[in-house]
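A short worksheet on the structure shown next.
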Number of protein chains: 2
Amino acid sequence: MTSRKGSSRNLHTQVVENLGESIVGGVFQPGDPLPGEAQLANELAVSRTVLREALKVLAAKGLIETRQKTGMRVRDSRYWNHLDADVLGWRCASLPTDDFVEKLVEMREIVEPAAVMTAARRREPAQLEAIREALAAMEDAQTLDEWAEADLHFHQAVLLATNNELLSSLFSVIETALGTFFVMSARTAKNFKYSLPHHRAVYEAIRRRRPNEAAAAMHTMIEDSRANMRKSRRRK
Amino acid sequence: MTSRKGSSRNLHTQVVENLGESIVGGVFQPGDPLPGEAQLANELAVSRTVLREALKVLAAKGLIETRQKTGMRVRDSRYWNHLDADVLGWRCASLPTDDFVEKLVEMREIVEPAAVMTAARRREPAQLEAIREALAAMEDAQTLDEWAEADLHFHQAVLLATNNELLSSLFSVIETALGTFFVMSARTAKNFKYSLPHHRAVYEAIRRRRPNEAAAAMHTMIEDSRANMRKSRRRK
DNA sequence: CAGATCATATTTGTTGGACAATTGACAAGC
DNA sequence: GCTTGTCAATTGTCCAACAAATATGATCTG
């Protein structure tokens, strides 16, 4: 069952994911020299051209650096683009550590309350409507998957309503955080809608242009989800 | 004067920068189809192999997408990795708009006060020492360049002291924000050390483990720099 | 023997060409 | 009008060769 989920579009994409997971997953430690292009291409059964395209992408994400004669080395994790969606994903490929999950929540606590404050001030009608639609989808959700999708849309719509694309780009972090949350709390799938009131409160505060209320509601929501994760973590 | 600053290391790096600036700079609008690989390689006078390595990097940064038969298209800016250091840099290649500068400051106001709070709680001795050294370098700075370098080190050291690499990765944004600030306030080079007391206050608060004081000091510092930029902008 | 100098081999960087795979567009047939 | 199938254009993949850089070790020199 070596068939990729659906990532078999391009060969270099597969190679990027393969090597990316290996590096982020610690198979290759920072400082370690990777096998040369020729050998690596052989091992992965791809041409050197394809391999090199993949290596350039990994270098662009800060994971490796290459120099002539010396070869390729895994860069210190201090230089990785930790906010890159792929890097975040690779980090959660093999169940994320509790430590990392806590860092994700920490980011949410910094970013999302600030984002809803900004959104409450600057949201345009169409952006508010997008948030409302996401909220409606959450209310109508019948399965955990439907809920998860609508939930992601809600938080993305909030970020977009800030009208600051730098802030919106942090959605990759929120997406990863929520994703791990869904996985961890999959067993408590009974009442997966428990956070609906929190979301409604955030929406209402944004609609009524009340930055502080929005931030407070968002803060409560995140604190709640953190507590829930701690619970299901202990249960494990 | 077509000689690059020093980026002439690799051909594909040059191509990435060339195309990246063109896309971010608006020469190619989102939705626009780029010329085919063959033609583009001819125009840039590089082999198709090199061009493709560059295109993969740009695709990794979310700037373009490629499909067979259809060709390449510039993606909607909603999908760009705005937090990527290169993308941020390209955005400031031709003097950044006031709008973008304001977004940068907005990010600072969200990230840095939160970061100093976390740093005040979790900093380790070596990390505090790194902040102190940066502060000392700022005190000793004789030129604007020396000051700028030390200032960057200070803010980076603070982010590292949070012990959250996701937060630390946002240094690319702070770096860009400070960089534009240095450029804009170059004419007021007389008293470029005016923010030294703010920095010292931040350091002291972190040293004494006072999260709230640290956040307040950082907030004041950023508000001050925003006011200064508005002034020098109006002067222009 | 210590140190500098130089040749060499190894690795990445770059090129050109060839063929495969995908797919939009168009034409043919029902 | 709709479906179906062919065609052509474009990216995807592979290969083989050479250029450029540079770590290593050999050689030369004091």
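None of these values were measured; they are calculated from a predicted model. Letters A, B, ... mirror the listed sequences (proteins, then strands); counts begin at 1.
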Please produce a list of atom pairs where a protein N or O lies less than 3.5 Å from an N or O of nucleotides 19-23 of chain D.
from	atom 1	to	atom 2	distance (Å)
D/dA21	O4'	A/Gln68	NE2	2.4
D/dA23	OP1	A/Arg67	NH2	2.9

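- The distance from atom CD of A/Gln14 to atom P of D/dT13 is 8 Å, rounded to the nearest whole Å.
- Put simply, CD1 on B/Ile64 is 14 Å from C1' on D/dT10, counting in whole angstrom units.
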Throw together a table of side-chain donor-acceptor distances under 3.5 angstrom for residues 78-86 of chain B, partners on residues two or more places apart or in other chains.
from	atom 1	to	atom 2	distance (Å)
B/Trp80	NE1	B/Arg75	O	3.1
B/His82	ND1	B/Arg91	NH1	3.3
B/His82	NE2	B/Ser77	O	2.8
B/Asp84	OD1	B/Lys61	NZ	3.1
B/Asp84	OD1	B/Asp86	N	2.7
B/Asp84	OD1	B/Val87	N	3.3
B/Asp84	OD2	B/Lys61	NZ	2.9
B/Asp86	OD2	B/Lys61	NZ	3.1

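- Atom CG of B/Asn10 and atom P of C/dT11 are 19 Å apart (whole Å).
- For B/Gln39, the side-chain hydrogen bond (donor to acceptor under 3.5 Å, both in side chains) test picks out B/Glu43, with sequence neighbours left out.
- Closest approach of B/Leu178 and B/Arg108 over heavy atoms only: CD2-NH1, 3.5 Å.
- Every side-chain contact (heavy atoms from CB on, under 4.5 Å) that B/Ala141 has, sequence neighbours left out, goes to B/Glu146, B/Trp147, B/Lys193.
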Extract from the structure each pairing of a protein N or O with an N or O of nucleotides 3-7 of chain D at less than 3.5 Å, listing the distance.
none

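- The pair A/Arg48-A/Glu37 meets the salt-bridge criterion, since a charged nitrogen lies less than 4.0 angstrom from a carboxylate oxygen.
- For the pair B/Glu37 CD and C/dG17 P, the computed distance is 16 Å after rounding to whole Å.
- In terms of heavy atoms, A/Lys103 sits closest to B/Asn164 at O-ND2, 3.4 Å.
- Rounded to whole Å, atom P of D/dG12 lies 9 Å from atom CG of B/Leu55.
- Remark: A/Arg132 engages A/Glu129 in a salt bridge, criterion side-chain N to carboxylate O under 4.0 Å.
- Each of A/Asn18, A/Leu40, A/Val15 was compared with A/Val46 under the side chain to side chain contact (heavy atoms under 4.5 Å, CB included) criterion, and only A/Val15 meets it.
- In this entry the distance linking NE2 of A/His12 with C1' of D/dC14 reads 14 Å, nearest Å.
- For residues 45-52 of chain B, proximity to DNA chain C is found at B/Ser47, B/Arg48, B/Thr49, B/Val50, defined as any non-hydrogen atom under 4.0 angstrom from a strand atom.
- Side chains of A/Asn163 and A/Gln127: a donor on one and an acceptor on the other come within 3.5 Å.
- In this entry the distance linking CG of B/Leu40 with C1' of D/dT11 reads 13 Å, nearest Å.
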